[in-house]
Amino acid sequence: MDTTLLFIQFLNGMQLGVLLFLLAAGLSLTFGIMDFVNLAHGSLYMAGAFICASLTFWTGSFLLAVLLAIPLAALVGLATEYIVVRHLYARDHLDHVLATFGLILVFDTLVHIIWGSEGIAVPLPGWLDGQVELFAGVIFPTFRLLIIVSGLVIAAGLYFLVNFTRLGMLIRAGASNRTMVSALGINIQFLFALVFSLGAALAGIAGMLISPISEASIGMGNQIIITAFVVIVIGGVGSMKGAFIAALLIGLIDTFGRSYLDTIFKLFMSPVAAETSAPAVSAMLIYILMAVVLAVRPQGLFPPKARG
Amino acid sequence: MFSLSKNGRARNGWVNFTVLACTGVIPLLLYVAGQTFYLDLATRMVCLAIAAISLNLILGYGGMVSFGHAVFIGIGAYAVGIPAYHATYGEFDLIASYNGFLHILLAVAFSSLFALVTGAISLRTKGIYFIMITMAFGQMIYFFFVSLETYGGDDGLTIDARSEFPAVKLDNAIVMFLVCYVIMLLVIFAMYKIVNSRFGMVLQGAKDNEERMRAMGFNTFKYRLTAYVIAGALCGLSGALLGNFTTFISPEMIDWTRSGELIFMVLLGGGGTLAGPLVGAAIFVVLEEVLSSFTIYWHLPFGIMLILAVLFARKGLLSLFLKEDGDD
């Protein structure tokens, strides 16, 4: 097997993995702390992409646009929390999914009204648009490399935030015992709003990072959100570490499955059979993985320790 | 539900009967009056109602929030489309047929099988896990059908000929509607029998308090799995009807937002009531039609209504007319 190609597919898998992590981290945070299920998390991803697209054309610079769009994405999250989500914390999960399903329809239509039905391709500055030679023979698009690096940096930042800051301490405390945190005099409503908009910002960043590659389009979040769900189901709902490991695992397995499954199948079946079955199996691969993990460990690979 | 006074029971019977009679008679009257379009709308409504009624068994009575129920509609529809495709274009002689009984057999068999396998895995989990897992299994089948280039992949497949039954021609719009309607009545009757049987009582008991049912010696997992398979099979049947009605099938029928719409129908009409899902399906189809004739942005008012309904009207519209237990 060609090792150069293998390495490049590894990087592609990493790129998908870090994007999934950015989405799964926000989902996992809101679930771990507020016990809230947000189907509309993919809409925040879409909002990030569209805001970034408009700002790129307005400012003329993609990087400046991203810097401006991150607080705006957080603001969209804050508004969503204030108007709808806040009133649902005390309800059951069924109410969460129904109301946020309604939110998806609202977000999709609003984007349709504001930006039209066509997807928007976001142009990259010249120095990001090229390719870099990592080492002899391995050439990889600069921007995709930037996605991987920024994803890992954000993951490290989140790790620091959750484990070594006062806010992180509150987040961890909120995840293990909400009632106790508020009994200790912490403004829990403010904490919830903060966490929700943090999740929105992370999802928005993922959308901004993908927009130059696959353009901002309506409903772009509705497919990837399911993959993000698979990530947190495999990783263990509410666990950041689990979300990170599972995101990279899913990114790599999905990418390798799509590129190498037919080669592997050809080892033990006819070429025709391999070529017809490989696409079907690789499309289902991550869901099969999820089923296997659940059959063995219904609570996911890294379930958070204390919940109450 | 089961401590109703004689008075309340009779009243609920009248509400259910009125709902059933209206959905059957009004479309036919409109058709006779020359409004043929409404009969199509009604057929679609009845097909969706069967799917919603089947979801109601696990969601309304069983408390299992499945967000992948549309997958069974897809399996049922492809169980009509794929044999018909091969009957027209050759290959796969084993299943190549226009025979409607074979189509329905395949639809129900594959739906039950898929429900059995995925149910056995996903029912090991609860709450939010269950929601996300059913969603993911639905998406798995979505991508499976997308990857099947032979049957149109993403673009879907036109069914060239409807299922053939002796003496019943589905190509006639009235016959199509009546077949769907009669099947819906049978499904509602079956649901009435199931819900009031010992099995149904255990299912509802496990929804209210699983610990208690387990302490009483019931294996709640088995009861839930059985309900999940029954719901899957019935929904597969509705998919076979819907495929025959639209004569076009595509992975889009399985998309998780379709499953969301089914949940919407069940809860809007009232989960855990016999006629509730039918009312929900009727409102959904009418809303879709009315709102989309006003504006292409009809999802906006629809979404806002959904959010408002969750925030302010939790028990479903039919509950305004039905008597609750202990009220009198």
Side-chain angles (χ1 to χ4, degrees), chain A residues 27 31 35-37 39-40 83-84 87-88 91-110 112-113 117 219 222-223 225-230 232-234 237-238 276-288 290-295 298-300, chain B residues 59 63-65 67-68 117-118 120-133 135-150 153 255-257 259-261 263-264 266-268 271 295-312 314:
Chain A
L27 275 175
F31 187 80
D35 200 22
F36 182 75
V37 189
L39 291 187
I83 298 170
V84 178
H87 310 288
L88 294 166
R91 304 289 195 81
D92 61 16
H93 291 148
L94 181 58
D95 284 357
H96 297 172
V97 294
L98 273 180
T100 52
F101 180 61
L103 272 177
I104 291 177
L105 300 178
V106 171
F107 270 112
D108 279 353
T109 326
L110 285 179
H112 189 175
I113 292 171
S117 60
N222 296 353
Q223 298 294 337
I225 195 68
I226 309 288
T227 320
F229 280 149
V230 173
I232 63 172
V233 166
I234 290 180
V237 178
T276 43
S277 61
V281 176
S282 66
M284 300 195 294
L285 202 55
I286 59 170
Y287 304 103
I288 297 170
M290 179 193 75
V292 171
V293 168
L294 282 173
Q299 71 278 41
Chain B
L59 176 66
M64 293 167 260
V65 186
F67 225 106
V117 175
T118 60
I121 294 170
S122 42
L123 284 170
R124 285 160 54 92
T125 64
K126 289 205 178 58
I128 180 58
Y129 271 99
F130 185 77
I131 297 175
M132 292 195 285
I133 292 158
M135 213 172 203
F137 279 130
Q139 208 65 2
M140 177 175 97
I141 295 302
Y142 173 86
F143 284 118
F144 172 73
F145 283 122
V146 166
S147 72
L148 292 182
E149 292 293 335
T150 320
D255 193 79
W256 65 271
T257 51
S259 302
E261 288 168 2
I263 297 182
F264 170 80
V266 172
L267 297 179
L268 185 76
T295 163
I296 57 165
Y297 304 119
W298 70 276
H299 272 123
L300 187 64
F302 186 70
I304 292 172
M305 279 178 44
L306 186 49
I307 296 170
L308 291 178
V310 173
L311 289 176
F312 302 111
R314 264 307 271 115

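Throughout, protein chains are lettered first and strands after them, A, B, ... in sequence-line order, and every chain is numbered starting at 1. Computed from a prediction, not measured in an experiment: that's the story for all the values here.
You'll find the ring centres of A/Tyr287 and B/Phe144 outside the 6.0 Å limit.
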Quiz item: Are B/His299 and A/Ile104 close enough, and set up right, to give a side chain to side chain contact (heavy atoms under 4.5 Å, CB included), and what steps lead you there?
Solution: CA-CA 9 Å; B/His299 272 123; A/Ile104 291 177; over 6 Å; no
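Neither the backbone nor the side chain of A/Leu27 has a heavy atom closer than 4.5 Å to any heavy atom of chain B. Using a 4.5 Å cut-off between heavy atoms, B/Tyr142 touches chain A through its side chain atoms alone. A/Asn222 touches chain B through backbone and side chain together, each having a heavy atom under 4.5 Å away. Using a 4.5 Å cut-off between heavy atoms, A/Ile286 makes no contact with chain B at all. Heavy atoms closer than 4.5 Å to chain B are found in both the backbone and the side chain of A/Met284. Heavy atoms of B/Ile133 lying under 4.5 Å from chain A belong to its backbone as well as its side chain. Heavy-atom distances place both the backbone and the side chain of A/Leu103 under 4.5 Å from chain B.
With respect to chain B, the highest number of heavy-atom pairs below 4.5 Å among A/His87, A/Met290, A/His112, A/His96 belongs to A/His112. Between chain A and the residues B/Trp298, B/Phe264, B/Trp256, the most heavy-atom pairs under 4.5 angstrom are made by B/Trp256.
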Show me the donor-acceptor pairs, under 3.5 Å and distance only, between side chains in residues 121-131 of chain B and residues at least two apart or in other chains.
unit_1: B/Ser122; atom_1: OG; unit_2: B/Thr118; atom_2: O; d: 2.6
unit_1: B/Arg124; atom_1: NH2; unit_2: A/Ala295; atom_2: O; d: 2.7
unit_1: B/Thr125; atom_1: OG1; unit_2: B/Ser122; atom_2: O; d: 2.6
unit_1: B/Tyr129; atom_1: OH; unit_2: A/Val237; atom_2: N; d: 3.0
unit_1: B/Tyr129; atom_1: OH; unit_2: A/Gln299; atom_2: O; d: 2.9

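Residues A/Val230 and B/Ala136 come closest through the heavy atom pair CG2-CB, 3.8 Å. The two atoms that bring A/Ala280 and B/Ser147 nearest to each other are CA-OG, 3.1 Å, heavy atoms only.
Residues meeting the side-chain contact (heavy atoms from CB on, under 4.5 Å) test with B/Leu300, sequence neighbours left out: A/Val106, A/Thr109, A/Leu110, A/Ile113, B/Ile304.
Of the inter-residue distances, the one linking B/Phe67 atom CZ with B/Met135 atom CE reads 4.5 Å to the nearest 0.5 angstrom.
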